[in-house]
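These numbers come from a predicted model, not from an experiment.
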Amino acid sequence: MAFHEDLLSLAKPVWEAMLAHPFLTATAAGQVTESSFKTWLAQDYLYVRETVPFLGVLLAKAPPALRAPLSEAIGTLNRELDLFRRQAEELGVVLEGLEMAPTCHAYTQFMLATAYSRPFAAGFTVLYGLEKAYLDSWMQVKTNQQGSSPYQAFIDNWTSQAFQDYVAWLGHTLDELVQQQDRVELERLFLLTARYEYLFWQMAWNQEGWPV
C-alpha cells in the first residue's frame with residue numbers, strides 16, 4: 001500500500017470511531033442540537049483561523065514545487081473563514097472575543113508546534129490527517145443525510161469535488177515526501193491528529209468549556 005493508505009490502516013479504529021460519532025450521525029439526521037452545532041461552528045472558526053499560520057510555516061519550509069499549491073490552500077482557508085462569518089451571522093453566533101475550548105486549544109497548539117519544530121514532512125502529515133478527516137467526516141454526513149439541512153453550506157464545502165481532489169493530492173504528495181526512516185514518527189503524528197479529530201466532535205457534542 002501507499003504510505004497514506006498505511007496511515008489510514010494504522011488509524012482505522014480511531015477513524016471508525018470518528019465517523020460513528022453522534023455529532024455526525026445527528027447532523028446527518030437533522031437532529032443535532034442548535035447549541036452543539038453552534039459550539040462546533042465557533043470552535044472550528046477558531047481552529048481554521050489558526051490553520052492559516054500553520055500553513056504559513058509549512059510554506060516557509062516547503063520545497064519550491066509545493067509552494068504554489070500551499071499558497072492556494074491558504075487562500076482557500078481565508079474563504080472558509082468568510083463562510084464561517086456568513087453562517088455565524090445567519091445563526092446568531094458571535095465570533096468576536098471567542099475563547100478556545102480546551103480541546104481546540106490543545107489541537108491548535110499541537111498543530112503549530114509540529115509545523116514549527118519538526119521537519120516539513122511531519123507538518124505535511126498533520127495537514128493530510130486533518131483534511132482527510134474532514135473530508136471523510138462530512139462525506140459521512142452527506143451520504144446519510146436525511147433531507148435538506150440548515151447547515152448545508154458546511155456539508156457542501158467539505159464534500160465538493162475540489163476538496164476531494166485537494167485531499168487526494170495531499171495523500172499522493174505525502175507518499176512522495178516520506179523517507180523510510182521517518183515512518184514511525186509520521187505514523188505517531190497522524191494517529192495523534194486522528195485522535196484530536198475525534199475529540200473535536202466530542203467537544204462540540206458536549207459543548208465543552210473550561211471547568212474553572
Side-chain angles (χ1 to χ4, degrees), residues 1-21 23-24 43-44 47-48 50-67 69-70 72-74 76-77 100-141 158-159 163-205 208:
M1 290 191 296
F3 181 64
H4 77 278
E5 294 172 330
D6 286 338
L7 292 176
L8 292 168
S9 179
L10 172 72
K12 185 177 180 180
V14 180
W15 219 259
E16 289 177 344
M18 176 185 72
L19 296 183
H21 196 280
F23 182 92
L24 299 178
Q43 293 300 313
D44 208 48
Y47 177 83
V48 172
E50 295 309 303
T51 307
V52 174
F54 165 72
L55 274 177
V57 177
L58 290 187
L59 178 60
K61 294 183 175 184
L66 299 184
R67 291 173 186 167
L70 288 176
E72 292 171 6
I74 292 175
T76 299
L77 288 178
M100 285 186 178
T103 295
C104 185
H105 182 271
Y107 193 6
T108 56
Q109 291 303 301
F110 159 72
M111 179 176 66
L112 290 166
T114 302
Y116 275 106
S117 65
R118 305 300 299 149
F120 175 76
F124 199 89
T125 299
V126 172
L127 175 62
Y128 171 65
L130 66 90
E131 298 289 29
K132 176 62 172 170
Y134 249 42
L135 171 62
D136 287 3
S137 292
W138 288 105
M139 288 296 291
Q140 180 82 353
V141 171
W158 286 295
T159 59
F163 188 58
Q164 293 179 54
D165 292 344
Y166 171 60
V167 174
W169 173 81
L170 288 173
H172 294 311
T173 303
L174 180 58
D175 295 341
E176 297 172 359
L177 287 172
V178 67
Q179 301 295 320
Q180 188 63 37
Q181 63 269 23
D182 297 332
R183 290 178 68 98
V184 172
E185 173 69 3
L186 300 188
E187 288 170 354
R188 184 185 70 83
L189 291 170
F190 185 84
L191 188 57
L192 279 170
T193 304
R195 287 169 169 162
Y196 271 121
E197 288 291 336
Y198 173 87
L199 287 174
F200 210 91
W201 298 126
Q202 188 75 359
M203 171 199 66
W205 185 249
E208 177 189 280

Looking at OG1 of Thr125 and CG of Leu177, how far apart are the two atoms once the value is rounded to the nearest 0.5 Å? 8.0 Å
Should the pair Trp201 and Tyr134 be assigned to parallel (<30°), tilted (30 to 60°) or perpendicular (>60°) ring geometry? parallel
Would you say Gln43's side chain and Ala101's backbone share a donor-acceptor pair under 3.5 angstrom? yes
Backbone N/O of Ala121 and side chain of Lys61: donor-acceptor pair under 3.5 Å: no
Return the CG to OH distance between Leu186 and Tyr128, rounded to the nearest 0.5 Å. 13.0 Å
Just so I know, are the side chains of Leu55 and Leu127 near enough to count as touching, which here means a heavy-atom distance under 4.5 Å? yes
As an exercise, state the distance from CG of Asp6 to CG of Leu174, rounded to the nearest 0.5 Å. 10.5 Å
Mind checking the OH-OG1 spacing from Tyr196 to Thr193? Nearest 0.5 Å is all I need. 9.5 Å
Within the 4.5 Å heavy-atom criterion, are Phe163 and Thr76 side-chain neighbours or not? no
Please verify the inter-ring angle class for Tyr166 with Trp169; under 30° counts as parallel, over 60° as perpendicular, anything in between as tilted. parallel
If you define the side chain from C-beta out and look only at heavy atoms, does anything of Leu192 sit under 4.5 Å from Thr114? no
Please tell me if the side chains of Gln164 and Met139 come closer than 4.5 Å, counting only heavy atoms from C-beta onward. yes
Do the non-hydrogen side-chain atoms of Met1 and Ser9 ever get within less than 4.5 Å of each other? yes
Is there a side-chain contact between Pro63 and Phe120, using heavy atoms and a 4.5 Å cut-off? yes
Could you list the residues that satisfy side-chain contact (heavy atoms from CB on, under 4.5 Å) with Ala11, not counting sequence neighbours? Trp15, Phe190, Leu191, Ala194
NZ (Lys132) and NE2 (His4) are apart, to the nearest 0.5 Å, by 7.0 Å
Interatomic spacing from OG1 in Thr159 to CG in Asp136 - rounded to 0.5 Å: 12.0 Å
So that I know where these two stand, are Trp138 and Phe23 an aromatic pair - ring centroids less than 6.0 Å apart? no
